[in-house]
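Worksheet: the structure to be examined is printed underneath.
Since we're looking at a predicted model, the values are computed, not measured. Counting starts at 1 for both ligands and their atoms, following the listed order.
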Amino acid sequence: MTDAAPQKTTFKPRIFSGIQPSGGLTLGNYLGALKRFAEKQNEGIETIYCLVDLHAITVWQDPDRLRQQTYEAAAAFIASGVDPRRSILFNQSQVSAHAELGWIFNCVARLGWMNRMTQFKDKAGKHTEQVSLGLYAYPSLMAADILAYHATMVPVGEDQKQHVELTRDIAQKFNHDYGVDFFPVTEPLIEGAATRVMSLRDGTRKMSKSDPSDASRINLTDDADTIATKFRKAKTDPEPLPDSVEGLQDRPDARNLVNIYAALADLTPAEVIAQYGGQGFGAFKPALADLAVAKLEPISAEMKRLMADTAELDRILGDGADRADAIAQPILDRAYDIVGMIRSRARAR
Ligand code: AQP
């Protein structure tokens, strides 16, 4: 979008990603994000993970439920293997640099860029006059989340690719307009067999925590019976599974279930087809349900244990916010300085 000069600064590799505590987390959030967040801790790169509560309020949230959902999301991160000693884990609103840098980026991002964001169009639907201004500005706050840490990599599901591309455009335009090489041009990391887990009721729509149909998703807090029932009732077609992955091309519901199996079992879709090709859903769905229960039950049990001690979750989020703030505040101070704001207080520190 901009004709920025190539980057000369070498930025320290750093991973940032976030999840909205806008409801109970789903299998889509787990496979597309949480599971990979935990794996990324083993790659020798600093990892920063955020519960993006400021993003959550872009649509209405009952305050008590939002608090509860934020604790629950924190528990889901830890139960999925994010270790708050190895990663920084915190909620966004405790680090003011996100909102402050978000404002600067509102003044960098162009309306034309925002108008192209498909997630806004999906979420606003026909009611573009009625939704919040925050929902529209969501991607520039997301750019601030990432760039307040000079993060170089963002593991996300496929649905967030466009927002990470916008983050790159904002970084490049800021650097170009102010003649600096201050913000990195961040890479999205979209990896694995489940970069886009689809609804169990409609294989052409994303599995989403805010879908009105609970049967469309597996929640991380669902018990074994509920998981089995939801997979048993998942929409499929009458054909058996094909003998090759290519045979799944025009079968979105079947492809979704194969991809979910592959991601849960750490296999490729081809390896799943090698095992189940030619078999009907009567055999495949129970096998998938058993696998999902085996993987998710320990997570939901650990979430329950963690949720019983919200004081400990508060301690973890507070400590994470202090560590996040120590990285973000100097970057924000420098950004203000570049833009031309007087920083007398920062200089006195
Ligand atoms: N269905 C999915 N498949 C793969 N990855 C997914 N993610 C979300 N849904 C899927 C990934 O989870 C991370 C956090 O997403 P989010 O909760 O912040 O926002 P979202 O993408 O808008 O997710 P939802 O569930 O659809 O939330 P609501 O319903 O509240 O809008 C991201 O990395 C995302 O890619």
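Nearest approach of A289 to I227, heavy atoms of both residues: O-CG2, 4.3 Å.
Taking CG of L27 as the start and CG of L264 as the end, the distance is 5.5 Å to the nearest 0.5 Å. In this structure, the separation between CD on E312 and CZ on R305 is 9.0 Å, given to the nearest 0.5 Å.
Comment: K40 engages E191 in a salt bridge, judged by a side-chain N to carboxylate O separation of less than 4.0 angstrom.
Scanning the protein for heavy atoms near atom 32 (C) of ligand 1, the closest one is Q160 CG, 3.9 Å. Nearest protein neighbour of atom 28 (P) of ligand 1, counting heavy atoms only, is S210 OG, 3.5 Å. For atom 7 (N) of ligand 1, the nearest protein heavy atom (residue, atom name, distance) is N29 ND2, 3.8 Å. At the shortest separation from atom 17 (O) of ligand 1 among protein heavy atoms lies K209 NZ, 2.3 Å. With hydrogens left out, the protein atom closest to atom 35 (O) of ligand 1 is D159 OD1, 2.5 Å, a heavy atom. The protein heavy atom nearest to atom 1 (N) of ligand 1 is V197 O, 2.7 Å. In this structure, the protein non-hydrogen atom closest to atom 14 (C) of ligand 1 is I19 CG1, 3.5 Å. Here the protein heavy atom with the shortest distance to atom 23 (O) of ligand 1 is K206 NZ, 3.3 Å.
In this structure, of Q61, R205, E158, Q20, the residue bringing a heavy atom nearest to atom 19 (O) of ligand 1 is Q20. Heavy-atom proximity to atom 13 (C) of ligand 1, evaluated over A73, G28, A33, S17, is greatest for A33. Residue M207 holds the heavy atom nearest to atom 9 (N) of ligand 1 of all those in Q69, H163, M198, M207.
Outside the 6.0 Å centre-distance limit, the rings of F231 and F281 are not counted as a close aromatic pair. Between Y276 and Y261, a ring centre-to-centre spacing shorter than 6.0 Å is recorded. Between Y149 and H98, the gap from one ring centroid to the other is short of 6.0 Å. A ring-centre distance under 6.0 Å is not found for F120 and H163.
Defined by atom type and a distance below 3.5 Å, a donor-acceptor pair is present between the side-chain atoms of N115 and Y136.
Within the structure, ligand 1 has K123 among the residues with a heavy atom less than 4.0 angstrom away. Look at T26 and you'll find every heavy atom at least 4.0 Å from all atoms of ligand 1. At least one heavy atom of A194 sits closer than 4.0 Å to an atom of ligand 1.
The G32 neighbourhood of ligand 1 comprises atoms 4 (C), 5 (N), with distances under 4.0 Å to a heavy atom of that residue. Atom numbering of ligand 1 starts at 1 in the shown order; those under 4.0 Å from a heavy atom of G18 are 14 (C). Each of the atoms 5 (N), 33 (O), 34 (C), 35 (O) of ligand 1 lies under 4.0 Å from some heavy atom of G157. Per-residue contacts place S22 under 4.0 angstrom from the following atoms of ligand 1 (heavy atoms of the residue considered): 30 (O). Atom numbering of ligand 1 starts at 1 in the shown order; those under 4.0 Å from a heavy atom of Q119 are 22 (O).
With hydrogens and angles ignored, the 3.5 Å screen pairs a side-chain donor or acceptor of K285 with a backbone N or O of A234.
In summary, of the residues considered (Y30, Y49, F16), a ring-ring contact (aromatic ring centres under 6.0 Å, His included) with F37 occurs for Y49 alone.
The aromatic rings of F174 and Y178 lie tilted to each other, with the angle between the two planes from 30° to 60°.
Residue D211 has no nitrogen or oxygen atom sitting less than 3.5 Å from a nitrogen or oxygen atom of ligand 1, judged on distance alone.
Counting heavy atoms closer than 4.0 Å to ligand 1, residue L31 contributes nothing at all.
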